[in-house]
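In this text, all values refer to a predicted model and were calculated from it rather than measured experimentally. Only this structure's heavy atoms are used, side chains among them; waters, hydrogens and symmetry mates stay out. Throughout, a chain's letter reflects where its sequence line sits, starting with A, and its residues are numbered from 1.
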Amino acid sequence: MLELSYLRNHTEAAVKGLAKRKIDAAQTIADILKLDEQRRENQVQLDSVLAESNAISKEIGSLFKAGKAAEANDMKAKTAELKDKSKELGQEQEQLKHSLEQLLVSLPNVPHESVVEGAHADDNVEVGKVGEIPTLYDGAVPHWDLTEKYKLISFDLGVKITGAGFPVYTGKGARLQRALINFFLEENQKAGYEEYIPPHFVNAASGFGTGQLPDKEGQMYHMTEDDLYAIPTAEVPITNLFRDEILDLEKLPIKCTAYTPCFRREAGSYGKDVRGLNRLHQFDKVEVVNVVHPDESYKVLDEMVEHVGGLLQKLGLPYRVLRLCGGDMGFTSALTYDFEVWSAAQERWLEVSSVSNFETFQTNRMKVRYRGEDKKTHLCHTLNGSALALPRVMAALLENNQTEDGIKIPEVLIPYTSFEWIK
RNA sequence: GGAGAGAUGGCAGAGUGGUCGAAUGCGGUAGUCUUGAAAACUAUUGAGGGUCACACCUCCGGGGGUUCGAAUCCCUCUCUCUCCGCCA
């Protein structure tokens with residue numbers, strides 16, 4: 001949620017920025033500012049009525065105490081009118097607040113100045129490319145054939161017990177998955193992140209806090225009986241740990257990492273894009289979340305990009321980094337870098353990480369604040385990134401490392417898998 | 001699942017209709033003292049709206065009600081705790 005003060009003081013910049021998302025927000029922002037003005041006007045009126053009625057009540061109290069019951073009763077009559085008035089103004093106030101909130105919540109974050117205008121993924125800017133594109137031997141096949149050949153993952157069993165998009169990992173497939181999770185968690189810890197194991201279901205307030213609600217209502221699994229949502233990413237429970245907190249300056253930056261399964265309904269779209277591990281309803285991901293001082297957030301974003309790149313380099317996966325254009329960025333983000341690994345048998349890039357700075361967009365909803373040098377409270381900035389999402393890393397790993405003799409496990413993973421080959 | 005108790009500021013914990021945004025203690029901050037630290041003492045210390053700044057307004061789990069007036073009374077929801085049952 002954008003800050004009202006920002007929209008008030010930087011109206012032009014907000015409209016210009018949102019245009020990069022191909023959104024014409026001029027009217028909405030104008031409406032917001034008008035509603036805000038009306039709201040404040042209304043509040044001034046309401047406050048003065050309340051102040052008057054408070055004063056009368058106090059007077060009645062002291063009249064009773066002084067034994068002047070008759071006079072006190074006379075004054076009671078005066079309050080009736082004020083009461084009606086304050087009720088009316090109060091309702092108006094609620095109405096205005098509600099309308100204002102609805103409009104505010106409908107606006108996505110304003111992109112950072114470095115973000116280019118664009119509507120589609122084609123407009124994303126490649127900012128880096130690392131690693132050699134491997135050439136595979138003649139009999140090389142996509143990962144969905146490899147997982148079957150070596151009995152690593154059963155998509156059929158998943159369909160049987162749950163449905164499409166819920167794979168079952170078996171044998172060395174399961175062990176490789178677990179090894180990757182441990183590898184990522186260890187690396188994140190070395191980079192200063194503290195590990196958490198959060199709940200996998202959250203309440204609606206948490207869904208709202210990080211911006212999944214109301215924007216992406218239909219994309220989450222919702223348990224209506226208990227009104228809980230299956231988390232689409234660890235970002236949701238982890239960031240919400242700090243909801244409604246005022247943090248001491250010296251506590252910042254807060255760096256968290258967590259492994260969780262992620263649940264996404266992802267309705268629509270079939271075919272090769274979603275084949276095998278490419279897109280799932282349940283998948284594993286290790287996430288990193290940062291809660292930082294506003295002055296630090298872009299420095300921290302760069303560090304995160306560096307860190308995620310390092311993970312891929314250690315795994316020996318060729319990747320490229322994209323700075324997303326306005327239209328391809330998530331609703332809540334001000335600047336996002338996507339990491340894509342090269343899937344050698346599918347011969348395509350697969351997104352394995354998305355690293356974003358949300359600035360105050362989430363903290364304004366969640367009221368995550370710090371106490372500044374000035375002793376006042378200010379909104380923190382939040383950032384998060386995948387480090388990393390498992391399925392597509394697994395897909396690329398299997399495909400890129402396949403040989404006639406089997407699949408070679410990268411050096412760095414062997415301490416975690418305790419096997420060197422999948423044969 | 002059954003029965004009972006409770007939800008107050010960073011924490012603990014008073015407050016049962018007006019003088020309560022809320023005693024007291026702890027914690028935090030600033031100062032005095034000290035070579036420095038500790039201790040002691042003094043002052044200060046909730047959040048939000050509003051204002052140039054004051055004033056003023058709102059908030060004692062959420063929502064609704066009674067009343068001139070509610071942290072305090074009533075209704076309702078949510079959550080927590082204790083005991084019993086069940087259970088990895």
Side-chain angles (χ1 to χ4, degrees), chain A residues 1-9 32-101 103-105 197-209 213 222-229 237 240-252 254 291 360 362-380:
Chain A
M1 188 161 71
L2 293 168
E3 294 175 76
L4 257 178
S5 59
Y6 169 79
L7 291 175
R8 213 181 291 160
N9 301 325
I32 286 172
L33 294 180
K34 195 168 164 212
L35 275 171
D36 176 47
E37 205 172 307
Q38 288 173 352
R39 207 221 91 234
R40 280 183 293 160
E41 229 168 77
N42 171 279
Q43 202 198 334
V44 169
Q45 287 180 43
L46 175 61
D47 282 359
S48 72
V49 172
L50 287 173
E52 195 178 338
S53 127
N54 284 346
I56 290 176
S57 288
K58 254 179 205 168
E59 211 171 316
I60 291 174
S62 48
L63 282 174
F64 270 122
K65 198 157 264 181
K68 300 176 181 169
E71 278 179 55
N73 283 319
D74 282 349
M75 293 203 73
K76 279 191 193 179
K78 282 171 71 178
T79 61
E81 194 188 336
L82 290 172
K83 221 176 167 184
D84 287 346
K85 212 166 173 183
S86 73
K87 198 168 184 182
E88 192 184 312
L89 287 166
Q91 279 170 357
E92 214 173 300
Q93 177 77 193
E94 287 308 310
Q95 186 61 48
L96 287 165
K97 270 188 186 166
H98 180 72
S99 309
L100 186 58
E101 165 108 355
L103 286 184
L104 270 176
V105 158
I197 301 180
H200 299 167
F201 300 155
V202 292
N203 55 31
S206 295
F208 177 80
L213 294 176
H222 184 205
M223 276 140 283
T224 51
E225 182 101 17
D226 299 295
D227 197 21
L228 294 174
Y229 294 85
N240 273 283
L241 294 173
F242 307 100
R243 172 152 47 88
D244 292 322
E245 296 283 340
I246 299 172
L247 302 159
D248 289 334
L249 205 47
E250 60 268 25
K251 290 228 174 78
L252 301 178
I254 294 172
V291 181
T360 60
Q362 294 183 324
T363 56
N364 189 32
R365 292 180 161 214
M366 285 190 283
K367 301 294 171 245
V368 184
R369 292 154 292 171
Y370 67 93
R371 194 167 298 283
E373 306 275 2
D374 57 1
K375 304 291 174 206
K376 289 186 183 156
T377 62
H378 306 274
L379 294 174
C380 299

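To the nearest whole angstrom, the two C1' atoms, one in B:A71 and one in B:U8, are 7 Å apart. B:U76 and B:C26 are spaced 41 Å apart, taking the P atom of each and rounding to whole Å. Taking atom C1' on both B:G17 and B:A22, the two are 15 Å apart, rounded to the nearest angstrom. Going from the C1' atom of B:A14 to that of B:G25 covers 11 Å, rounded to whole Å. Taking atom P on both B:G27 and B:A39, the two are 8 Å apart, rounded to the nearest angstrom. With C1' as the reference atom, B:C59 and B:G21 are 9 Å apart, rounded to whole Å. Across B:C81 and B:C33, the matching C1' atoms stand 46 Å from one another, rounded to whole Å. Remark: the separation of the P atoms in B:C60 and B:A53 is 27 Å, to the nearest Å.
In this entry B:C56 has B:G49 as its Watson-Crick or G-U wobble partner, both defining distances falling under 3.5 Å. Pairing partner, B:C87: none, since no Watson-Crick or wobble contact has both distances short of 3.5 Å. The pairing partner recorded for B:U80 is B:A5, the criterion being a Watson-Crick or G-U wobble arrangement whose two distances lie under 3.5 angstrom. Here B:U67 sits opposite no nucleotide as a Watson-Crick or G-U wobble pair (both hydrogen-bonding atom distances under 3.5 Å). Pairing for B:A30 is with B:U42, a Watson-Crick or G-U wobble pair whose two hydrogen-bonding atom distances lie under 3.5 Å. Across all strands shown, B:C20 has no partner, as no Watson-Crick or G-U wobble contact with both distances under 3.5 Å is found.
Rounded to whole Å, atom C1' of B:G49 lies 14 Å from atom CG of A:Leu96. If you measure from atom CG of A:Leu379 to atom P of B:G48, you get 10 Å, rounded to the nearest angstrom. A straight line from CD of A:Glu245 to P of B:G10 spans 10 Å, rounded to a whole angstrom. If you take CG of A:Asp36 and C1' of B:G50, they are 12 Å apart, rounded to a whole angstrom. Summarising the geometry, the separation between CD on A:Glu94 and P on B:G62 is reported as 14 Å, rounded to the nearest angstrom. Separating the CG atom of A:Leu82 from the P atom of B:U67 is a distance of 16 Å, rounded to the nearest angstrom. Computed from coordinates, the A:Lys367 NZ to B:C59 P distance equals 19 Å when rounded to whole Å. Spacing between atom CZ of A:Arg369 and atom C1' of B:G46 amounts to 11 Å, rounded to whole angstrom units.
Taking for each of A:Lys58 and A:Leu46 the nucleotide of RNA chain B with the nearest heavy atom, the 5'-most of the two is the partner of A:Lys58. Between A:Gly61 and A:Gln43, the residue anchored nearer the 5' end of RNA chain B, judged by the nucleotide with its closest heavy atom, is A:Gly61.
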- Between A:Asp227 and A:His222, is a side-chain contact (heavy atoms from CB on, under 4.5 Å) present by the stated rule, with each step listed? CA-CA 7 Å; A:Asp227 197 21; A:His222 184 205; 2.8 Å; yes

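When each of B:C68, B:A47, B:C57 is scored by its nearest atom to the side-chain atoms of A:Ala51, the top-ranked nucleotide is B:C57. Proximity note for A:Lys76 (side chain, C-beta onward) versus B:G50, B:C57, B:C68: the nearest is B:C68. Of all nucleotides listed (B:A47, B:G50, B:G69), B:G69 comes nearest to the side chain of A:Ser57.
From A:Leu33, atom CG reaches atom CZ of A:Arg39 across 13.0 Å, with rounding to the nearest 0.5 Å. Annotation: the span from A:Ser48 atom OG to A:Gln43 atom CD amounts to 11.0 Å, rounded to 0.5 Å. Taking CD of A:Gln95 as the start and CG of A:Asn42 as the end, the distance is 11.0 Å to the nearest 0.5 Å. Interatomic distance, A:Leu241 CG to A:Met366 CE, rounded to the nearest 0.5 Å: 9.5 Å.
Side-chain atoms of A:Asp47 come within donor-acceptor range of the base of B:G49, with a qualifying N/O pair under 3.5 Å.
In this structure, A:Lys376 does not reach the B:A47 phosphate: none of its side-chain N or O atoms is under 4.0 Å from OP1 or OP2. Between A:Arg39 and B:G49 there is no side-chain N or O to OP1 or OP2 distance below 4.0 Å. Side-chain nitrogen and oxygen atoms of A:Arg371 include at least one within less than 4.0 Å of the OP1 or OP2 phosphate oxygen of B:A47.
Side-chain polar atoms of A:Ser206 and A:Asn203 form a donor-acceptor pair below 3.5 angstrom.
Residue contacts for A:Ile60: at a heavy-atom cut-off of 4.0 Å it reaches a base atom on one of the strands shown. A:Asn54 comes within 4.0 angstrom of the backbone, heavy atoms only, and of no base. Residue A:Thr377 is in sugar-phosphate contact alone, with no base atom involved, counting any heavy-atom pair closer than 4.0 Å across all strands shown.
Between A:Glu101 and A:Val105 there is a side-chain heavy-atom pair separated by less than 4.5 Å. At least one side-chain heavy atom of A:Leu379 sits under 4.5 Å from a side-chain heavy atom of A:Glu3.
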